[in-house]
Protein chains: 2
Amino acid sequence: MKSDLEISQETQLKPIIRVADSIGINEDDLELYGKYKAKINFTTMKNFSKKEDGRLVLVTSINPTPAGEGKSTVTVGLGDALNQLDKKAVIALREPSLGPVMGIKGGATGGGYAQVLPMEDINLHFTGDMHAITSANNALSALLDNHIHQGNELGIDPRRVIWKRVVDLNDRALRNVIVGLGGPIQGVPREDGFDITVASEIMAILCLAADLDDLKARLARIVIGYTYDRRPVTAGDLKAEGSLALLLKDAIKPNLVQTIYGTPAFIHGGPFANIAHGCNSVLATKTALKIADYVVTEAGFGADLGGEKFLDIKVPNLQKAPDTIVIVATVRALKMHGGLDKAELQTENLEALHKGFANLKRHIRNMRSYKIPVIVAINEFVTDTEAELELLKELCEKEGVIAKRASVWENGAEGGVELAKAVVELIDTKDANYVPLYQSSDSIKSKVNAVVQKIYGGKEVSFSKKAENQILEFEKNGWSDLPICMAKTQYSFSDDPTLLGAPEDFTITIREFVPKLGAGFLVALTGDVMTMPGLPKKPAALNMNVTNKGEVVGLF
Amino acid sequence: MKSDLEISQETQLKPIIRVADSIGINEDDLELYGKYKAKINFTTMKNFSKKEDGRLVLVTSINPTPAGEGKSTVTVGLGDALNQLDKKAVIALREPSLGPVMGIKGGATGGGYAQVLPMEDINLHFTGDMHAITSANNALSALLDNHIHQGNELGIDPRRVIWKRVVDLNDRALRNVIVGLGGPIQGVPREDGFDITVASEIMAILCLAADLDDLKARLARIVIGYTYDRRPVTAGDLKAEGSLALLLKDAIKPNLVQTIYGTPAFIHGGPFANIAHGCNSVLATKTALKIADYVVTEAGFGADLGGEKFLDIKVPNLQKAPDTIVIVATVRALKMHGGLDKAELQTENLEALHKGFANLKRHIRNMRSYKIPVIVAINEFVTDTEAELELLKELCEKEGVIAKRASVWENGAEGGVELAKAVVELIDTKDANYVPLYQSSDSIKSKVNAVVQKIYGGKEVSFSKKAENQILEFEKNGWSDLPICMAKTQYSFSDDPTLLGAPEDFTITIREFVPKLGAGFLVALTGDVMTMPGLPKKPAALNMNVTNKGEVVGLF
């Protein structure tokens with residue numbers, strides 16, 4: 001069996017100039033990064049501004065398990081299949097983070113014959129967006145610590161700084177650090193920590209900004225900490241927004257690449273789906289909608305996290321809701337939700353599948369509650385039996401939802417054609433009438449309750465004393481009409497990662513809120529949320545290499 | 001008076017494809033980064049491998065002062081002037097570091113009408129080389145701390161780790177930090193610190209590597225610390241070199257840009273000239289030599305630091321010595337070396353100039369001791385009087401050295417023509433017969449003595465007890481035939497930055513050595529050496545901005 005990297009290296013790519021030309025973007029609107037990657041200039045969107053938006057297809061999934069769901073793979077394969085049907089489709093995905101690539105995950109650009117290319121570049125430095133975000137994030141930290149060191153005119157309390165530094169690596173040793181040691185000329189000592197770059201608020205900002213001016217206004221609103229008398233201090237108070245926006249002037253432009261089949265793919269931005277909203281950039285999706293008749297995009301983690309946030313955070317910024325939602329499920333993963341261990345997945349087990357279907361069922365009901373048509377994509381694995389695949393289809397149909405098998409990993413575009421036909425038909429025959437989960441004017445507590453009770457299926461929410469105090473403070477600050485961004489484990493509807501399937505009667509505890517005024521949401525922390533992954537005992541990096549000719553080795 | 005940025009923005013650039021074409025590099029050998037920047041593929045050098053090398057002109061300077069010398073400006077202007085004379089010249093410079101750009105310095109791409117462009121991009125993220133080096137440096141740190149955390153098979157002593165993390169920012173709060181706090185699952189606590197990226201050994205390695213295989217071999221030799229029983233541990237012991245080389249696979253390719261006059265300029269690599277060797281990459285210089293008849297390059301800081309290191313560290317790796325050396329001096333700076341304050345420089349003062357000439361004189365003699373013809377470039381300022389300029393010329397001529405006035409900042413190529421003519425004539429009439437300062441087989445102490453006594457003009461060297469012990473250890477490890485890389489203040493021949501002019505009878509104290517086995521030199525630390533600058537009270541960043549259309553503001 002060929003590796004993703006081998007398939008990628010065998011593919012004859014089209015020059016990106018030709019890919020762009022095929023969707024009406026001419027060379028003057030491109031900034032090339034080598035022959036197969038390009039950024040799109042700001043002018044492009046204006047050229048297309050009179051065109052009607054294309055149809056938006058959101059791909060989301062059941063709660064992820066170690067069995068694998070293949071959401072990105074289905075997203076890519078569905079785009080390829082739509083083009084096989086001459087439907088003028090474009091894909092919009094997130095950028096991979098270098099940390100997980102070098103840690104445990106390998107590439108994050110689809111798999112098999114449903115990949116975006118060149119995977120070597122996209123998985124490494126790509127067009128430098130992550131690095132620009134890292135620089136901007138850490139420039140703000142440097143300006144902040146310098147301000148404190150140089151007299152602290154704003155009266156920032158070093159114990160109440162909430163802005164952290166970032167690196168785009170998995171580096172657990174940087175989770176908790178003390179900076180500013182070494183005596184009076186080396187700065188003011190304080191506790192700090194590093195997050196991974198995709199967890200930076202600046203990543204979320206980049207992905208929600210409408211243009212450079214909006215980016216700058218959002219950067220200025222970032223709350224970096226509090227004064228000794230507890231007033232919030234912003235990046236704007238430090239006069240940092242101009243230089244930070246300057247550092248992001250290229251990163252804000254959407255990146256264009258292609259799939260194995262030459263389908264144009266915008267890969268831009270990649271915020272975490274726990275402490276951020278987990279979707280690619282608004283600018284990329286908007287550009288794609290102006291260019292294509294069908295835009296296939298995905299949201300991070302399961303439909304309870306990425307899906308919910310796409311609908312309640314991204315949609316208001318995008319000013320466009322999906323026309324249909326594809327929920328990806330696999331027989332293997334549902335069997336794990338039904339109680340099996342990973343080692344038991346090789347053999348047919350209809351009972352476990354039936355039991356695990358409860359997870360998918362809740363996601364179907366959730367997504368439908370937004371009044372958007374839903375379809376299930378069954379991402380096939382070789383170990384699936386016909387009986388299992390049939391049972392899953394029947395269970396979906398009993399819920400009134402079409403389920404289509406897809407084998408894009410193995411068969412590429414051809415393996416997604418049935419799914420693509422069903423998606424087109426669903427869009428043509430059923431209207432989407434998006435209704436949000438809550439109103440921005442609802443209280444903070446009632447918004448959190450709406451997510452927990454209506455989406456997670458939990459019984460109630462318990463707010464810690466700290467969270468209760470923060471709600472009062474946020475109301476006083478005028479921040480209470482922002483949407484809520486839940487930071488929760490991706491593995492369960494509950495805040496306990498071991499509760500698979502469709503748990504009930506659980507309570508979600510909100511430990512703390514983190515105000516993200518720049519991104520424009522309030523993060524609600526439940527349980528321990530990992531914002532800096534660690535490396536495993538044998539990191540993927542140890543197998544990576546490059547030949548003297550520059551050929552990549554070991555990137556999965 | 002127009003700012004550098006305004007001049008840059010007014011200039012109509014040629015597409016980089018055309019610049020490349022003018023020196024025989026075709027489009028297939030380029031990797032474009034937008035329309036005006038490109039990387040050169042590995043194949044290019046092979047295409048030119050039969051051509052004889054061009055002539056190499058090294059631009060260096062007196063000891064820098066706050067009055068400014070304009071070494072990069074003269075380098076760029078000389079290249080432009082040579083082309084004005086139809087001499088087929090190419091420029092090879094270092095890449096600016098983002099930290100100083102956002103701190104106090106603004107751009108580092110020449111000035112006035114002697115600039116490399118697009119200065120906005122070169123001074124910000126450029127083609128991402130700095131970010132790739134930052135990632136590789138910090139990936140090694142993450143792998144190292146992960147190794148210690150995951151059982152520490154190699155027995156690395158966390159108290160004896162010498163590998164530091166880096167950021168490409170001026171951030172004093174990161175000079176001394178404690179990492180790994182938070183309990184057993186967050187890593188092993190230890191003291192650490194961050195250098196600025198250009199101080200990373202990986203930057204020095206990238207600039208000295210012959211190709212990707214050599215890069216990888218050098219990366220494997222990096223000493224990251226010592227075991228509990230004091231044996232050196234390398235990046236190769238951690239099996240890190242493959243992934244680090246992979247992260248650098250594009251960064252190692254030289255970058256091509258152009259000057260205001262369209263002169264091709266390779267801008268690649270930028271190691272510090274104190275704890276590293278301070279020159280652009282060997283690969284870029286080699287490529288330039290294959291392409292051009294004249295290559296104008298510069299070395300960091302003054303001739304005592306960058307100049308000496310170019311000749312004793314870069315030349316053996318480049319396997320080519322300069323054909324002539326240009327020493328840049330200004331009347332203003334020499335007057336400071338003669339004892340004046342910056343405020344006193346506006347008025348004519350022949351006595352101070354005469355006295356300060358001692359600094360230039362020692363640099364002239366030093367550079368001549370390498371048996372390479374030397375010429376002085378007097379970089380003119382509006383405040384210089386004719387009497388001062390004439391006196392300086394006379395003083396140089398008394399030393400048997402031609403001195404030519406240059407006004408490239410104000411007049412561009414035209415302002416450098418006299419200098420360019422003299423450089424060509426010098427090369428045509430006087431042979432260079434490079435002799436190194438010391439032999440690699442000399443002892444560590446005798447190499448340090450050679451630099452201090454023959455170049456700095458010091459009386460003697462005092463080695464601390466630690467340094468004495470390290471010499472014994474290095475001899476035991478078989479490291480003693482490496483060249484010495486002196487880490488000394490750039491402001492004085494001595495290790496006291498306030499001793500301007502040409503101090504005598506001073507002793508240089510070697511506090512400590514740092515083995516840089518990957519770069520292939522032993523750093524000798526004298527006094528306090530700054531490897532992480534701080535921000536001033538009002539950082540340059542506070543004036544930077546970008547308009548909604550993407551136009552850059554405030555980058556000097």
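Proteins come first, then strands; the chains are lettered A, B, ... in the order of their sequence lines, and each starts at number 1.
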Checking heavy atoms, do the side chain of [X], its backbone, both or neither come under 4.5 Å from chain A?
| X | result |
| --- | --- |
| B:I185 | backbone |
| B:D168 | neither |
| B:L32 | both |
| B:E27 | backbone |
| B:P189 | neither |
| B:K537 | both |
| B:R165 | side chain |
| B:H147 | neither |
| B:T547 | backbone |

Residue selection (most heavy-atom pairs with chain B, distance under 4.5 Å) from [options]:
| options | result |
| --- | --- |
| A:G554, A:G182, A:A541 | A:A541 |
| A:D192, A:D145, A:D211 | A:D211 |
| A:S135, A:A245, A:G151, A:G187 | A:S135 |
| A:E241, A:H131, A:E31 | A:H131 |
| A:L98, A:V179, A:I252 | A:V179 |
| A:A251, A:P536, A:G534 | A:P536 |

Indicate whether any N or O donor in one side chain lies under 3.5 Å from an N or O acceptor in the other, for B:K239 and A:N543.
no
With a 4.5 angstrom heavy-atom cut-off, could you sort out which part of A:L30 is near chain B: side chain, backbone, both or neither?
backbone
Mind checking whether A:D214 and B:N548 have side chains closer than 4.5 Å, heavy atoms only?
no
Using a 4.5 Å cut-off on heavy atoms from C-beta on, say whether the side chain of B:N545 contacts that of A:L246.
no
Quick check for you: to the nearest 0.5 Å, what is the distance between B:S243 atom OG and A:L542 atom CG?
7.0 Å
When B:T134, B:V167, B:N146 are compared by non-hydrogen pairs under 4.5 Å with chain A, the top option:
B:N146
Sort out for me which of B:A132, B:A38, B:A240, B:G128 touches chain A most, counting heavy-atom pairs under 4.5 Å.
B:A132
Sidechain N-carboxylate O distance under 4.0 Å for B:K249, A:D121:
yes
Identify the two heavy atoms, one from A:L143 and one from B:P539, that lie closest to each other, and give their separation to 0.1 Å.
CD2-CG, 3.7 Å
Ignoring hydrogens and geometry, is there a side-chain-to-backbone donor-acceptor pair from [X] to [Y] under 3.5 Å?
| X | Y | result |
| --- | --- | --- |
| A:K216 | B:V546 | yes |
| B:H125 | A:L247 | yes |
| B:Q150 | A:L535 | yes |

Listed by residue number, which members of residues 169-177 of chain A have a heavy atom under 4.5 Å from any heavy atom of chain B?
A:L169, A:N170, A:D171, A:R172, A:A173, A:L174, A:R175, A:N176, A:V177
Decide if atom CG of A:D528 counts as having more than 12 heavy atoms of other residues, nucleotides or ligands within a radius under 6.0 Å.
no
